[in-house]
Structure formats: structure tokens, C-alpha cells
Amino acid sequence: MTPAELSAALRDVLLTARADGALPIDADQVPASVTVERPRQREHGDWASNVALQLAKKAGMAPRALADLLAARLTQVPGVASVDVAGPGFLNITLDTAAAGELARTILEAGADYGRSDALAGQSVDLEFISANPTGPLHLGHTRWAAVGDALGRVLAAAGARVTREFYVNDLGVQMDRFGASIMAAAHGEPIPEDGYHGDYVADLATSIVAEQPDLLDLPREEQVAAFREAGYAHQLAAQKDVLGRFGTHFDVWYSERTLHTSGAVDRGFERLREQGHVFEADGAVWLRTTDFGDDKDRVLVKSDGSLTYFASDTAYYVDKRSRGHDVCIYLLGADHHGYVGRLKAVAACAGDDPEHNIEVLIGQLVNLLQGGEPVRMSKRAGTIITLADLIEWVGVDAARYSLTRASTDSPLTLDIDVITRKTNDNPVFYVQYAHARTANVSRNAESLGVRRADAFDPGLLDDASEAVLLGMLGEFPRVVAQAAELREPHRVARYLEELASAYHKWYDRCRVTPVGEEPVTDTHRTRLWLNDATRQVLANGLDLLGVSAPERM
RNA sequence: GCCCCCGUAGCUCAGUGGAUAGAGCGUCGGACUUCUAAUCCGUUGGUCGCAGGUUCGAAUCCUGCCGGGGGCGCCA
């Protein structure tokens, strides 16, 4: 029996009790889904519900009296071994060993789909993250979202949402010209302009470009800036795509800011905002009255010299995303951009949308690196910044992704290179991956010793205390994934996997899947293999949601 | 000045109103002729920053304060 099935059974009990007149509440006061959770203390049973505490006031009953009533009825449900009322009115539920063990079969039948849900079914989500300028390598500031944004996309999809992952390419504006001027200067062996790009990669870029297109140097100077700019743009965009590909982060849409202007999206955006009546002119500029919706000042769309602000692109881009049918537009930004939250929310409101529903801005705190107890600030490759490529080279994709996704983005994160490259228990990625490798190893050994799942499955034999714990953890997975999606917090999946790995290691220590020596193969061995393989499936599914590999051997 | 995030064990951090607040590391002590010991078991460890409030119940929600980090542009 899965917790979802138990929850449904408990809800049926509520509905029946109401129909009998035993539970005096209105039909709409029966919760759509009844919370069933694992209790902290094992001795409190397999599952617990606080539904009696929540409904007591509405029913005008004492919480314990209501709990007693529900307990008596729930005990009658097949698969439920016992129901105890504890404390102020908790229902502590213990399942039949066999009913609990059935979960192993459920998981293996679902396979890679176990953990998927329809929690966000019907929602179309636009997920924009990283959105770096194509003027240099992706750096440490981008890595957090490269990992977490990608994992969030996977988690949202697992919860049933339609997800479009989008990278906004800031390929317009004076920074692009500064970039072109910097490459050109490097190509001529001249000093880089003060306001240009000073990383070592600029010189490498100049060398590559000149090697490919030597005739660029013969163009008139004014044309050279644009030519080097475009060549550099192509190189950097390709390099960003390449490193993100190596990192396992995939985008559905690379949205060029230029196309926003050439496609008429900017005009359509302005039109939308004018219709809603929030555009005005003052001091020779065109403004959006974002203060109507809580922003601390109004924002300029068109400067007094007639040029468009970056904010104008932002507004048009938002309107464009919505016009493409996305219900929710999620922006993943760094802490240094938190000032954008107010104005982005106001943009949504100015466009006639609900800023509480149609737009979400998630802020990730900064990431720092530590090695040998000292902060790492410099990169050989880029001169002044640490790149995503550096991080991959130093710690590998799995360690980097896992370390980044296991932390809440609300907290600043310090990655200790020494720790996350260590192959020991204090490196959580190895702890979880090793658990998976161990399940695979047990499967292989079982096969070679003639222990086959097909020969028997008798879940009543999974009666060890460590098996009840492991089954409980496995049952939680769909709820964890759905919650991670709803709260936009993929780190919950990683934390869950660490607990699951721990429950598995403990079980492994107590319950053998394969016989020792001449001992015959029994149904206990065969049934335990089901549990081993179910655990393997959940570990693999969870690691996949984080974009981390699930090794067969380590 | 205003805004955002954080403050939980010696350290790094989980814990979106529930029961006796948890994990890893660290300390100290155990378990390997192993279904891989990259593991497991035990031990040690807390005024959940402080003060009020909300309620059957607060680490969690609200207010104020203290401490740390980040941000405020007709830049991009």
C-alpha cells in the first residue's frame, strides 16, 4: 500500500463518516487530499495523520474523540494492521507487513515513472535561467542556476508541468560593442580599452578569429568592431552551449534579445502596456508607471535620446513569453539582481496579469569556492573569474551538480573543493551514488547465485525493522518530488536521497539478499531482491531528477 | 535611508503550525576469511540570535530589535 492509497482510504473514511452523520461537517470541509506522513519516531507507526486535529474545530468535536472515531473505521480497511490515537489526536497507522511490502512491486512496475505525478498537470511553465551575456565564459555566478535551474526543470516536468527552459541571450547593447572593441584591440596587439573585457580569453578569442578570418584586419576600423563583435559572439555562444551540454544542462529555447526587436515583439509589448494604461511621457522619455504596483520608482522604457532601455526589452520579453501560452513565468536570478523582483512583478501587473500567479522570481544567493581552507577567486583560463569549465575540470560534473543542488538557494553556498572531490562519507554525492552502485552489485550477485525475482514475491517476509523503514522512505518519494516542484526547491530531492541511501545501507547491513555458502535460496532472498531493486529504481529516478549519474559500479 | 536573504549542535546545514528539534562531519569507542567497510553500530553534543504577539500547539506565522551577507542607475 502506498501512502497515496492510504491517504485516499482515510479520505473515504471521512466521507463515509460524514454520510453516516457521525462527522458533522459540510461536504466542502473534507480536504481534497488528506495529509499522511512518516512520523519522526518509528514507534509511532508506519504513517501518521493530523487530520483529526485539523477537522476537530469544524466538526465541533474534541480532537481525540474525532480521532477515536476515525481510528475505529480506518482499522477496518484491508492492509491496515492497527491505528493508534496519540497525543492531542494524531492517528498513528501501522500497515500489514505484506501490504507495506507490496510497494516494492508497485515501484518496479512503474519503473522510471515512479515519482511522477500530476501535481502540476495542465500548467505551462516558462523557466528562464542563466541568461548570460555572450561576451565571455560562464562563470561561478552562473553555475548555481545551471545546476539548480536544470534540476528544477526536471522536477517540474516530473510533477506533470509542461516546461520550457529558456536562456535569454543579451546580444544587444553597448556591452556587445565593448566586447567587439576589446577583441579588435587584442587582435592588433593594442591595450584593451578601459571599459572593455580584460579576461585572458579575449586574447585567445582574437587569435582564433584572426586565424579563421585574417581579412578582418583589413576592414576599415569602424567595420572591424562589428565584425569582431559578431565573430566573438558566435564563439562565445557556442562555447556556452558546449559547456552547458557537458554539464548536462539543456535549454529548449535560446532567445536572442535582437530578435525581440526585429520580430516586432517590443512593439507588441509596448502596445500591451499602453492598452492597460500604465505608460506615460515625462522629461522627454517614455515611462512605465510601475509604482502603481508596488515598485519603488517608475521605470524608463524609451530614453530622452530615443533609445530603448534594457528594461524595455525585459517588459517585451515577458509579454512575449505569456503570448506563447505560458501560465507561469519563472525567473531564476542571482542575489545581486534581487532589486529586479519588484519591477518584474510590476511589469506583469502592468501587462494586466496577476503578479502573484503569472510571474515568479527566485533569488539564489552567491556561491564561493574554497580550497585548502582558502577562498578561490582566480581562474587561469579567464584571468579574473572562475568558470563553469574550471569547476567541471576540478571536481567533475556529478560532484558539482550534486553539491549545488543539495543546498537551499536561500543560503549563500561555499563549495569546498577538497570535500566534494573526496571519495568518503563526508561527500554526500558519493554516499548516494555508492548506495546505487551497491544495489546494482547486489542485483548482479543475486543473478549469478540464482536468486530471481520472477520465482517469488511474498511481501509478508519483509518483516525486519529496517525493511519497514526502507519501505516508508520509498513510499515518500512521489510526495517529495511533488513538493519540490510546488515549492521550486529541488534540494529536497537531494536531501531525500541521502536519507534513502542511509536507510538502504542500514538494511543492507542487516538483511542479506543472497545466501551464504551452501545455504539454499529461499523466498526471503527472492523477495528481498524485489526490495533491493525497488530501492535501486528510486535512487536512479532521484539522481536523474538532479542530473547526476547513477553508476552501476564504483 | 529603503529593499531582499540568512541567524538551528564545535563546523557545514536539513526541517513551508504538530509528538522527545534532526543529518553529515568532528570527538571517543566498536564491527571486515565483506551480497564492495566508499558501509554499519554506539558515544558526545542545543536558552532553534533576542523580546513580544497570534493558537489547542511556533524553529516554522506576525511585529520590533541585534548580528552577518547582498542590492538600490534615463548602466547593460
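Residue numbers start from 1 in every chain, and the chains themselves are labelled A, B, ... in the order their sequence lines are given, proteins ahead of strands.
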Subject >> A:S307 backbone acceptor or donor facing A:D305 side chain under 3.5 Å >> reply: yes

Subject >> Residue pair A:S443 / A:D533, side-chain heavy-atom distance below 4.5 Å >> reply: yes

Original post:
So, is A:K297 close to the B:C3 phosphate, meaning a side-chain N or O under 4.0 Å from OP1 or OP2?
Top reply: no

Original post:
For A:A335, which contact category applies under a 4.0 Å heavy-atom criterion: base, sugar-phosphate, or nothing?
Top reply: sugar-phosphate

Original post:
Which base sits across from B:U44 as a Watson-Crick or G-U pair, both distances under 3.5 Å?
Top reply: B:G26

Original post:
Starting at CD1 of A:I420 and ending at P of B:U12, how long is that distance when rounded to a whole Å?
Top reply: 16 Å

Original post:
Looking at B:A19, B:G18, B:C74, which one has an atom nearest to any side-chain atom of A:N50?
Top reply: B:G18

Original post:
Out of B:A38, B:U39, B:C74, which nucleotide sits closest to the side chain of A:M554?
Top reply: B:A38

Original post:
C1' atom, B:G46 versus B:A23: distance in rounded Å?
Top reply: 15 Å

Subject >> Base partner of B:U20, which must satisfy Watson-Crick or wobble distances under 3.5 Å >> reply: none

**OP:** Looking only at side-chain atoms of A:L366, point me to the closest of B:G70, B:A38, B:C13.
**Re:** B:G70

Original post:
So what does A:L53 hit on the nucleic acid, given a heavy-atom distance under 4.0 Å: a base, only sugar-phosphate, or nothing?
Top reply: base

Original post:
Expressed in whole Å, how much space separates the P atoms belonging to B:C2 and B:U63?
Top reply: 15 Å

**OP:** Compare the minimum distances between each of B:A19, B:G71, B:C40 and the side chain of A:H338, then state the nucleotide with the smallest one.
**Re:** B:G71

Original post:
Given B:G15, B:A38, B:G18, which nucleotide is nearest the side-chain atoms of A:H491?
Top reply: B:G15

Original post:
With both distances kept under 3.5 Å, what pairs with B:G64, Watson-Crick or G-U wobble?
Top reply: B:C50

Original post:
Nearest to the side chain of A:R492, which nucleotide is it out of B:A76, B:U16, B:C40?
Top reply: B:U16

**OP:** Take atom P in B:A31 and the same atom in B:A14, then report the distance between them in whole Å.
**Re:** 36 Å

Subject >> Sugar-phosphate only, base, or nothing, as touched by A:S304 at under 4.0 Å among non-hydrogen atoms >> reply: base

**OP:** Kindly indicate, with the supporting measurements, whether the criterion ring-ring contact (aromatic ring centres under 6.0 Å, His included) is fulfilled by A:H337 and A:Y331.
**Re:** CA-CA 11 Å; A:H337 285 70; A:Y331 290 73; over 10 Å; no

Original post:
With both distances under 3.5 angstrom, what nucleotide forms a Watson-Crick or G-U wobble pair with B:A38?
Top reply: none

Original post:
Below 3.5 Å, does any donor atom in the side chain of A:N92 face an acceptor in the base of B:A19, or the other way round?
Top reply: yes

Original post:
Do A:T522 and A:H525 meet the criterion of a side-chain donor-acceptor pair at a distance under 3.5 Å?
Top reply: yes

Subject >> B:C6 versus B:C48 - spacing of their C1' atoms, nearest Å >> reply: 14 Å

Original post:
What is the distance from CG of A:L55 to P of B:G17, rounded to the nearest Å?
Top reply: 17 Å

**OP:** Pick base, sugar-phosphate or nothing for A:A56, based on heavy-atom distances below 4.0 Å to the nucleic acid.
**Re:** nothing

Subject >> Proximity of A:F167 and A:Y255 rings by center, below 6.0 Å >> reply: no

**OP:** Give the rounded distance in Å between these two atoms: CZ of A:F90 and P of B:G57.
**Re:** 14 Å

**OP:** Find the distance A:L91:CG to B:A19:C1' and express it as a whole number of Å.
**Re:** 13 Å

Original post:
Quick one: is B:C56 close enough that its OP1 or OP2 comes under 4.0 Å of any side-chain N or O from A:K57?
Top reply: yes

**OP:** Looking only at side-chain atoms of A:D336, point me to the closest of B:G71, B:G18, B:C75.
**Re:** B:G71

Original post:
According to the Watson-Crick and G-U wobble definitions, with both distances under 3.5 Å, which nucleotide is paired to B:C74?
Top reply: none

**OP:** Identify whether the distance between the nearest side-chain nitrogen and carboxylate oxygen of A:E476 and A:R479 falls below 4.0 Å.
**Re:** yes

Original post:
Side chain of A:R299: nearest nucleotide among B:U55, B:G73, B:C75?
Top reply: B:G73

Original post:
Quick one: A:L415 CG to B:C25 P, roughly how many Å, whole number?
Top reply: 19 Å

Original post:
With a 4.0 Å cut-off on heavy atoms, is A:V174 in touch with a base, just the backbone sugar-phosphate, or nothing at all?
Top reply: sugar-phosphate

Subject >> Length of the CG-P vector between A:N427 and B:G24, whole Å >> reply: 15 Å

Original post:
Counting distance only, does the side-chain N/O of A:T290 pair as donor-acceptor with the main-chain N or O of A:A346 below 3.5 Å?
Top reply: no

Original post:
Listed in order of residue number, which residues of residues 512-535 of chain A have a non-hydrogen atom at under 4.0 Å from RNA chain B?
Top reply: A:R512, A:V513, A:T514

Original post:
Can you find a heavy atom in the side chain of A:Y233 that is under 4.5 Å from one in the side chain of A:V169?
Top reply: yes

Original post:
Closest to the A:Q483 side chain: B:U16, B:U39, B:G69?
Top reply: B:U16

**OP:** Name the nucleic acid region contacted by A:F311, choosing base, sugar-phosphate or nothing; use a 4.0 angstrom heavy-atom cut-off, strictly under.
**Re:** nothing

**OP:** Looking at every strand, decide which applies to A:D410 at a 4.0 Å heavy-atom threshold: base, sugar-phosphate, or nothing.
**Re:** sugar-phosphate

**OP:** Evaluate whether the aromatic ring of A:H44 and the six-membered ring of the B:A19 base sit under 5.5 Å apart, centre to centre, with an inclination under 30°.
**Re:** yes

**OP:** Under 4.0 Å between any heavy atoms, over every strand shown, what does A:T414 touch: base, sugar-phosphate, or nothing? Just pick one.
**Re:** nothing

Original post:
B:U16 and B:G7: how far apart are their P atoms, nearest whole angstrom?
Top reply: 13 Å

**OP:** Could you tell me whether A:R452 atom CZ has more than 12 heavy atoms of other residues or ligands within 6.0 Å of it?
**Re:** no

Original post:
Which nucleotide in the set B:A19, B:G69, B:C13 lies at the smallest distance from any side-chain heavy atom of A:R495?
Top reply: B:C13

Original post:
Reckon A:R343 touches a base, only the sugar-phosphate, or nothing at all at heavy-atom distances under 4.0 Å?
Top reply: sugar-phosphate

Original post:
So what does A:I363 touch, heavy atoms closer than 4.0 Å: a base, only the sugar-phosphate, or nothing?
Top reply: nothing

**OP:** Give the rounded distance in Å between these two atoms: CG of A:D314 and C1' of B:G73.
**Re:** 14 Å

**OP:** Quickly work out the A:M176 CE to B:C75 P distance and round it to whole Å.
**Re:** 19 Å

Subject >> Any side-chain donor near an acceptor of the partner, A:D410 and A:Q365, under 3.5 Å >> reply: no

Subject >> Whether A:Y431 stacks on the six-membered ring of B:G24 base, 5.5 Å and 30° limits >> reply: no

Original post:
Roughly how far apart, to the nearest Å, are B:A58 and B:G1 at atom C1'?
Top reply: 33 Å

**OP:** Please state the P separation for the pair B:U8 and B:C3 - nearest whole angstrom.
**Re:** 24 Å

Original post:
Have A:T414 and A:N368 got a donor and an acceptor in their side chains that come within less than 3.5 Å?
Top reply: no

Original post:
Starting at the 5' end of RNA chain B, which residue's closest nucleotide do you reach first, A:A285 or A:S411?
Top reply: A:S411

**OP:** Please figure out whether A:Y434 or A:P88 has its closest RNA chain B nucleotide nearer the 5' end.
**Re:** A:P88

Original post:
Is A:D523 salt-bridged to A:R526, going by a charged N under 4.0 Å from an acidic O?
Top reply: yes

**OP:** Determine the interatomic distance between C1' on B:U60 and the same-named atom on B:A19; round to the nearest Å.
**Re:** 16 Å

